[in-house]
Amino acid sequence: MAKKVVVVRVGTKTIRIVHMDNSAVNPTVYGCVRVPTPQGSVVDGEVKNIIDVSRRIKQACQEKGITTKDVIFSLSSSKIANRETTIPFVKDSKIQSIVDAKVGDMFPVDKERYIFSYVKQGDSREIGENEEVTDGSEKEREKEREREKAENPEITDDTQKKKKKKEKKSKDSFDEKKGKENVKQTERVIDLLVYAAPIDLVRSYYALAEGCDFRVAGIEVDGNGIFQIMKRQVTDGVEMAVQINRDNTLINIMSKEKLLLQRIIPYGATNIIEAAMSEPAFQVPEYDKAVRLLASQRVLLHTLNASNPQGDLSMQKRIELTQSASSLIGNIYRVMEYYNSRYREDRIQSIIVTGNGANIAGIHELMNNELGIPARTPNELIGVSFNRQIEVNANILQYVGCFGAVYSPVNFIPDEIKNKVATKDSVMSIAAVFVAAIVLCIAVSLFSVIQLNSAASRYDAAHAKELSLLPVEAKYKELEETRKKVGTYRLIENRVNTSNNQLHKVLDDIKEGCPDSFCIDSIVTTDEGGTVSCTSQDKLSSVSALVVRLNLLQGIKNVTISSSIAKAENEVTKKRQYKYTISFTYVTALELMDTVELEYLGDILLANEEAK
C-alpha cells in the first residue's frame, strides 16, 4: 500500500489541501479541502506569516481528520522561472551537477540566492543532425581561468592561451579516442526543464512545515504539477491546458510526454468577477455572490464582438461584462501565436480549461470562438482515482496542481537541508554500524553462554550418571571376571571336543538319509569337514532331494553329492552298483551358539578364532 502524503498549495487568497497517496502510479485521493489564507500572510507565493498560516493548515487538517505528517508543498510564484535545455545522456546521479554548471547561461540571476532543480522531458533521444549539446564544463573552465587571472595578475594572456590550447588538445585527443572506440554508436541526449526559485521563497515553506509539524517530502512547482496531471489527459497530438486562477492564468502547451511551452499571464477570473461586482445592474457587490452569479447564470456572451442593434440595456451590460475578459483572451492568443511560430508543424488540437475561471458559464464557448480551438473541462481524470464516487467538475479541477505534485516533483532543496540530510545519513550509517556491532557482540555472547550452559548441563548429567554407577561397579567387575572364565571354559571345551568327535553320529545320520543298500567304502575327514565314498545298489532318483535332507542334519552343512555317479558290477553277486561321493563341512562352535550366548561370549571366542 502506497504511503500517504498531504499536498498543500498556499495561495494569496486560498489554501488548498489534498490528502492522497504519494505514488506516481494511479494515486488515490482521499479528501480535498480549501480554506482562506490569512490576509497579508502570503506575498507572491512566499509565506510571510508562518504562525497564522501554519495554524490555519493544522486546523483544517484536524477538522478533516488528516493525521499524515509527510507534506509536499506546491509553489505558485512569479519569482519562479524555468528554461529548457538539452544535455548529453548521463546517469541520473550526474544530471544535477551538469544543471548547476549550465544555469549561469540560462538564468541572469545571482546563483547564491537561488535554488535550481530540473524535471526530465520524456525519455532520452537521439541527437539532431545539426544540434549542438554541451555539459557546461567549458563555461566553468573559462570562469575558472578568469578567477585565476584576477587572483594572480602575473598570469599573462599568453599563459592563458597556452593552457587553453593544452586543454583543447587533451580534449580533442580524448574525443578522437572515444570516436574510434565507438564510431557507430549514436549519441543520445536528455531534454530537461530547469527551474530556478529564490532561496528565501523555498526556505519559507520549510519553516511552514516545521510550524505545522510536517516532514517535507518534496517542494513542487504548481506549473509542473499541472503539467504532470494534464499530460495524462492528452490522447494524441498537442493540447493546451489553461488554468484560470483567481489573479493569474497558467498556460501549459504540451504533448503526451513533453512540456512544449509554459507561461503565466497576469489576468485571471478576478477581472470578470470584479466587472460584475462594479456593475449595479447585476446586484452582486460581494465577491462570493458575483462568483455564484457567473457560475449559475449565462452572463458571458459567446464572442467579444457581439452587437446590440436593439439597444437592449441588459444585452449591453452583458457585452460590457464580456469585454472584461478581452485581456485574458488576448494574452492567451498571443501565447498561442508565439507557440505556433516555434512549432509550426505541431498545431494545438484542443484546450483543457481548469481553475476558478472554469466555473464561469460560457467561458468555454467564448474561448472556442475567439481562439478558434475547441475548449473543454474534463469530466474525468486519467491517472488519478478517488476513494469514493464523486463528480469531476470545475470545483474538483481547482486541485489539479496538487493532484500532479506526486508524479515527478521539481523538489527544491536548500543546501543546508541537503547537508543536514547528508549528516543525518552519515550519523545513521555510523549508528547502524555501531548497533550492528553491538548486536553481533550480544549474539556471540549469547551463543557462548548457551554453549557453556549446554556443556555444563552435559557434564552434570555425565557426572551424575557416573556417581549412580559407582555402587554397581564392583558387581560389574565380578560379572566380567565370571564371563571371562566361562569364555575360557568354552574355549577349552572347543579345543578338546573337536568336530571329528562327532564323526560316528554324522555317519549314522547320513546313512539314515540314504537308500537302504547304502554302504560306505571310505572316509576322509578333517576338523573342517570330510568326504564319504559310498556304494548303493539303488539308483538315486533325486539327487537334489537327498542333498536337501542331508543339509538338514545337525552338526554339518554345505552337503554336496558328486555330479558323476559311476556304474559298476558286484564281483560276487554280479548285481549292478552305483558309486558316488558325499562332501560336507562341520558346523563351528560359534554357529551352534544361540543369540544370548553369542552376545555374552562372542567377543572372547571371536578373538580366539582370529588368533588361530
Side-chain angles (χ1 to χ4, degrees), residues 26 82 84 121-122 191 193 222-245 248-265 267-269 272 294-295 298 300-305 322 325-385 391-404 407-408:
N26 197 35
N82 64 63
E84 296 177 3
Q121 295 275 69
D191 294 322
L193 189 62
D222 189 48
N224 181 61
I226 294 172
F227 163 64
Q228 295 296 333
I229 187 68
M230 283 300 156
K231 77 176 186 179
R232 288 163 168 80
Q233 317 310 311
V234 178
T235 55
D236 192 20
V238 177
E239 295 200 30
M240 180 170 66
V242 179
Q243 184 180 21
I244 306 174
N245 300 317
N248 57 44
T249 297
L250 175 64
I251 300 174
N252 285 310
I253 302 178
M254 59 205 168
S255 64
K256 195 170 182 62
E257 290 296 334
K258 188 174 181 180
L259 180 61
L260 304 173
L261 185 67
Q262 185 179 79
R263 290 291 184 270
I264 297 177
I265 58 177
Y267 301 97
I272 303 172
L294 292 173
R298 183 66 175 271
L300 278 186
L301 298 174
H302 64 277
T303 178
L304 293 174
N305 301 315
T322 305
S326 60
S327 298
L328 172 63
I329 299 297
N331 277 271
I332 295 174
Y333 181 79
R334 279 190 283 275
V335 172
M336 291 175 56
E337 286 296 304
Y338 175 72
Y339 166 81
N340 290 332
S341 67
R342 295 182 60 188
Y343 303 93
R344 296 183 181 278
E345 296 181 357
D346 298 322
R347 293 288 178 172
I348 300 171
Q349 303 296 321
S350 63
I351 301 173
I352 302 174
V353 185
T354 61
N356 294 331
N359 274 325
I360 299 176
I363 190 68
H364 302 84
E365 291 80 0
L366 179 61
M367 294 175 68
N368 187 4
N369 291 325
E370 294 298 328
L371 302 176
I373 298 175
R376 62 185 173 87
T377 293
N379 54 15
E380 63 176 354
L381 281 179
I382 300 172
V384 66
S385 59
E391 180 185 357
V392 176
N393 53 30
N395 291 324
I396 291 296
L397 292 177
Q398 294 179 33
Y399 300 93
V400 288
C402 297
F403 297 158
Y407 292 109
S408 181

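Numbers here are sequence positions counted from 1. Just so it is clear, the model here is predicted, and its values are computed rather than measured.
The shortest non-hydrogen separation linking I348 to M336 is CD1-CG, 4.1 Å. Across all non-hydrogen atoms, the minimal contact from M230 to I352 is SD-CG2, 3.8 Å. The shortest non-hydrogen separation linking L259 to Q262 is CD2-NE2, 3.7 Å. Closest approach of A269 and I360 over heavy atoms only: CB-CD1, 4.3 Å. A pairwise comparison of heavy atoms in A358 and T377 identifies CB-OG1, 3.9 Å as the closest pair. Nearest heavy atoms, M240 versus I253: CG-CG1, 3.8 Å.
Side-chain contact between T354 and Q398 is absent, with no heavy-atom pair separated by less than 4.5 Å. Contact of the Q121 side chain with the F227 side chain is registered, since non-hydrogen atoms from C-beta on lie closer than 4.5 Å. Using a 4.5 Å heavy-atom threshold, the side chains of L260 and Y339 count as touching. At a threshold of 4.5 Å between non-hydrogen side-chain atoms, the residues R347 and N340 count as touching. Side chains of M367 and V242 form a contact here, defined as non-hydrogen atoms less than 4.5 Å apart. Inter-residue side-chain proximity for I251 and I264 is flagged as unmet; no heavy-atom pair is nearer than 4.5 Å. Contact check for T322 versus L304: side-chain heavy atoms found under the 4.5 Å cut-off. For the pair R376 and P378, the minimum side-chain heavy-atom distance is below 4.5 Å.
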Checklist line | Candidate pair I272 and L294, rule side chain to side chain contact (heavy atoms under 4.5 Å, CB included), full reasoning | finding: CA-CA 9 Å; I272 303 172; L294 292 173; 4.0 Å; yes
Margin query: Is there a side chain to side chain contact (heavy atoms under 4.5 Å, CB included) between L371 and I329? Walk through the geometry before answering.
Written below: CA-CA 8 Å; L371 302 176; I329 299 297; 4.1 Å; yes
Next item on the list: Let me see the working for V238 and Y343 under side chain to side chain contact (heavy atoms under 4.5 Å, CB included), right down to the final yes or no.
Entry: CA-CA 10 Å; V238 177; Y343 303 93; over 6 Å; no
Next item on the list: Kindly indicate, with the supporting measurements, whether the criterion side chain to side chain contact (heavy atoms under 4.5 Å, CB included) is fulfilled by I396 and F403.
Entry: CA-CA 10 Å; I396 291 296; F403 297 158; 4.0 Å; yes
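For the side-chain contact (heavy atoms from CB on, under 4.5 Å) with Q243, the qualifying choice from V353, D222, L397 is D222, the only one to do so.
With Y407 contributing its side chain and G383 its backbone, the two residues share a donor-acceptor pair below 3.5 Å. At distances below 3.5 Å, at least one donor-acceptor pair connects side-chain atoms of N331 with backbone N or O atoms of S327. Distance alone, capped at 3.5 Å, is enough to place a donor-acceptor pair between the N224 side chain and the S408 backbone. The main-chain N or O of D191 is never found under 3.5 Å from a side-chain atom of E84 such that the two would form a donor-acceptor pair. Looking at R232, its side chain does come within 3.5 Å of a backbone N or O of Q228 through a donor-acceptor pair.
Taken from CD1 in I265 to OG1 in T249, the straight-line distance is 4.5 Å, to the nearest 0.5 Å. Note that the OH atom of Y338 and the OG atom of S341 stand 6.5 Å from one another [nearest 0.5 Å]. Note that CD1 of I363 and CG of L328 are 6.0 Å apart. Values are rounded to the nearest 0.5 Å. Going from atom CD1 of I351 over to atom CD1 of I373 covers 5.0 Å, rounded to the nearest 0.5 Å.
At most 12 non-hydrogen atoms from other residues, nucleotides or ligands lie less than 6.0 angstrom from NE2 of H302.
A donor and an acceptor atom, one from each side chain of S350 and E239, are located under 3.5 Å apart. A donor-acceptor pair shorter than 3.5 Å cannot be found between the side chains of Q349 and D236. T303 and E370 form a side-chain donor-acceptor contact under 3.5 Å, judged by distance and modelled atom types alone.
Under a 4.0 Å N-O distance rule, the pair E365/R298 qualifies as a salt bridge.
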